[in-house]
Protein chains: 2
Amino acid sequence: MSSQFPKISDAEWSVMRVIWDLEEATSAEIVEALSADTDWKPRTIRTLIGRLVKKGALEYTEQGREYLYRPAIEEKLCEIEASKSFLDRVFQGRLTPFLANFADTQTCSDEEIAELKRIVEMHEERKGNQEK
Amino acid sequence: MSSQFPKISDAEWSVMRVIWDLEEATSAEIVEALSADTDWKPRTIRTLIGRLVKKGALEYTEQGREYLYRPAIEEKLCEIEASKSFLDRVFQGRLTPFLANFADTQTCSDEEIAELKRIVEMHEERKGNQEK
DNA sequence: TCCTGTAAATTACAAATGTAATCCGTGCAA
DNA sequence: TTGCACGGATTACATTTGTAATTTACAGGA
């Protein structure tokens, strides 16, 4: 009964990110927001919006003669889905080799390292709780 | 001058994984290996192999009347490319929020935690070296 | 009142992808 | 020797994706 999330394409992710950030937006606002990062024509962006509606990733209410779009799926769940599917594809679902590559070849920022520490601690704590 | 790696599709990744594991293989061997995990027809798998050759991800030498295929691109580099492109797409290139989701919702194995620790230590060491 | 600028809906079209089937050549079993 | 089974090459075909243009409908200004 797991993931029946709509499959969101690369370009569509950019649109979703904007809408998750804004919480709700007209297509003009979405176009505006994306014009900073992409050179897509407004038409293109509207196409993407339309597809996302059809996929069930966005919903809208009419506001005068335009629509006010809003996410129909939860950001975090989509991220987790995408993460799983990436890990499955490239690392057979295992986080460790992904991290190993990162450790070897990428430079982690201090912030990232702090997050890693937090995860380690959190886990250690959980484990402590569980075995006594 | 960065990533001009061939873009490897989802299904193609499965094929690449087999060949990276075996180091070299005939198509029959690839089909055999994949029949465990997928229900693709041999024809389908041969199509994928052909596309990977065309993309420059595989190369081959003739061995009697069949080909012996072998990776033409490095596994680790492909993994890193794929990791970057995933992080860009879903997390704007940032590792931290990816890890945060993981920490919150997934259960990390002991092995994974050990890897995390190793990364943290490695980084701390590097940092130490660099600032004195 | 009529024109025009926009928004949404519909249509377009090539490339990539999933998923094969058909064609062609040949070494091997009968 | 002959036909077939199997490998590679070519072709097929629907769907998804990137990237838009065209069409339709209307609200607001000239």
Side-chain angles (χ1 to χ4, degrees), chain A residues 4-19 24-35 37-70 78 81-82 85-86 88-90, chain B residues 3-19 24-35 37-70 81-82 85-86 88-90:
Chain A
Q4 70 330 15
F5 282 88
K7 194 168 155 350
I8 295 170
S9 83
D10 206 321
E12 287 161 2
W13 263 97
S14 306
V15 176
M16 289 307 293
R17 296 227 74 54
V18 166
I19 300 183
E24 61 180 21
T26 64
S27 65
E29 288 165 343
I30 296 168
V31 166
E32 170 60 20
L34 282 171
S35 72
D37 315 299
T38 75
D39 53 358
W40 295 333
K41 300 282 167 3
R43 296 276 167 75
T44 301
I45 296 172
R46 285 163 208 279
T47 299
L48 294 172
I49 294 171
R51 286 180 185 168
L52 286 165
V53 169
K54 189 176 309 172
K55 286 182 181 187
L58 292 182
E59 42 188 37
Y60 60 86
T61 44
E62 297 182 34
Q63 188 199 40
R65 49 194 260 68
E66 354 174 42
Y67 292 170
L68 195 56
Y69 296 94
R70 162 169 24 75
C78 287
E81 269 307 297
S85 116
F86 158 70
D88 279 351
R89 189 158 82 133
V90 178
Chain B
S3 65
Q4 65 339 11
F5 282 88
K7 194 169 156 354
I8 294 170
S9 83
D10 207 323
E12 288 162 2
W13 262 96
S14 306
V15 176
M16 289 306 293
R17 296 229 70 61
V18 166
I19 300 184
E24 59 180 21
T26 63
S27 65
E29 288 164 343
I30 296 168
V31 166
E32 168 62 21
L34 282 171
S35 71
D37 315 300
T38 75
D39 52 358
W40 294 333
K41 300 281 166 8
R43 296 278 166 76
T44 300
I45 295 173
R46 286 165 207 279
T47 297
L48 294 172
I49 293 172
R51 286 181 185 169
L52 286 166
V53 169
K54 189 175 309 174
K55 287 183 182 187
L58 291 182
E59 40 188 37
Y60 61 85
T61 44
E62 297 181 35
Q63 188 199 40
R65 48 194 260 69
E66 354 175 42
Y67 292 170
L68 195 56
Y69 295 94
R70 159 172 27 75
E81 269 305 298
S85 117
F86 158 70
D88 279 350
R89 189 156 82 132
V90 178

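Numbered from 1 within each chain, the chains take letters A, B, ... in sequence-line order.
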Filtered N/O pairs between nucleotides 20-24 of chain D and protein, under 3.5 Å:
residue: D:dA20; atom: OP2; partner: A:Thr44; partner atom: OG1; Å: 3.2
residue: D:dA20; atom: N7; partner: A:Thr47; partner atom: OG1; Å: 2.9
residue: D:dA20; atom: N6; partner: A:Thr47; partner atom: OG1; Å: 2.8

Problem set entry | Which atom of B:Ala33 lies closest to which atom of B:Val18, heavy atoms considered | CB-CG1, 3.7 Å
Exercise. C:dG18 P sits how many Å from B:Ile45 CD1, rounded?
Worked result: 13 Å
Exercise. In whole Å, what is the span from the CD atom of B:Glu66 to the C1' atom of D:dA5?
Worked result: 13 Å
Exercise. What do the steps show when you test A:Thr61 against A:Arg70 for side chain to side chain contact (heavy atoms under 4.5 Å, CB included), and what is the final call?
Worked result: CA-CA 8 Å; A:Thr61 44; A:Arg70 162 169 24 75; 3.1 Å; yes
For this session: List the steps and the verdict of side chain to side chain contact (heavy atoms under 4.5 Å, CB included) for B:Leu48 and B:Trp40.
Result: CA-CA 11 Å; B:Leu48 294 172; B:Trp40 294 333; 3.9 Å; yes
For this session: Please lay out, stage by stage, how A:Leu58 and A:Met16 fare under the test side chain to side chain contact (heavy atoms under 4.5 Å, CB included).
Result: CA-CA 8 Å; A:Leu58 292 182; A:Met16 289 307 293; 3.6 Å; yes
Exercise. Considering only side-chain heavy atoms of A:Leu48, which listed nucleotide, C:dA9, D:dT19, D:dG8, is closest?
Worked result: D:dT19
Exercise. Of the nucleotides C:dA8, C:dA9, C:dG18, which has the atom closest to the B:Asp10 side chain?
Worked result: C:dG18
Exercise. What is the distance from CD of B:Gln63 to C1' of C:dG27, rounded to the nearest Å?
Worked result: 15 Å
Exercise. Is there a donor-acceptor pair closer than 3.5 Å between any side-chain N or O of B:Glu29 and the backbone N or O of B:Thr26?
Worked result: yes
For this session: Could you tell me the separation between the NZ atom of B:Lys54 and the C1' atom of C:dA15, rounded to a whole number of Å?
Result: 13 Å
Exercise. Can you tell me if the side-chain N/O atoms of A:Lys55 get under 4.0 Å from OP1 or OP2 in D:dT17?
Worked result: yes
For this session: State, to 0.1 Å, how close B:Glu12 and B:Arg51 come at their nearest heavy-atom pair, and which atoms those are.
Result: OE2-CB, 3.9 Å
Seminar exercise, completed: From CD1 of B:Ile49 across to P of D:dT10 the rounded distance in Å is 16 Å
Exercise. When you check the phosphate oxygens OP1 and OP2 of D:dT15, does a side-chain N or O of A:Lys7 lie under 4.0 Å from one of them?
Worked result: no
For this session: Let me know the distance between CZ of B:Arg46 and C1' of C:dA20, rounded to the nearest Å.
Result: 13 Å
Exercise. How long is the line joining OH of A:Tyr60 and P of C:dA8, in whole Å?
Worked result: 9 Å
Exercise. OP1 or OP2 of C:dA9 less than 4.0 angstrom from a side-chain nitrogen or oxygen of A:Tyr67, does that happen here?
Worked result: yes
For this session: Determine, stepwise, if the pair B:Ser27 / B:Tyr69 fulfils side chain to side chain contact (heavy atoms under 4.5 Å, CB included).
Result: CA-CA 7 Å; B:Ser27 65; B:Tyr69 295 94; 4.0 Å; yes
For this session: Write down the distance between CG (A:Leu68) and C1' (C:dA8), rounded to a whole number of angstrom.
Result: 15 Å
Exercise. Under 4.0 Å between a side-chain N/O of B:Arg65 and OP1 or OP2 of C:dG27, yes or no?
Worked result: no
Problem set entry | Under 4.0 angstrom between A:Thr26 side-chain N/O and C:dA7 OP1 or OP2 | no
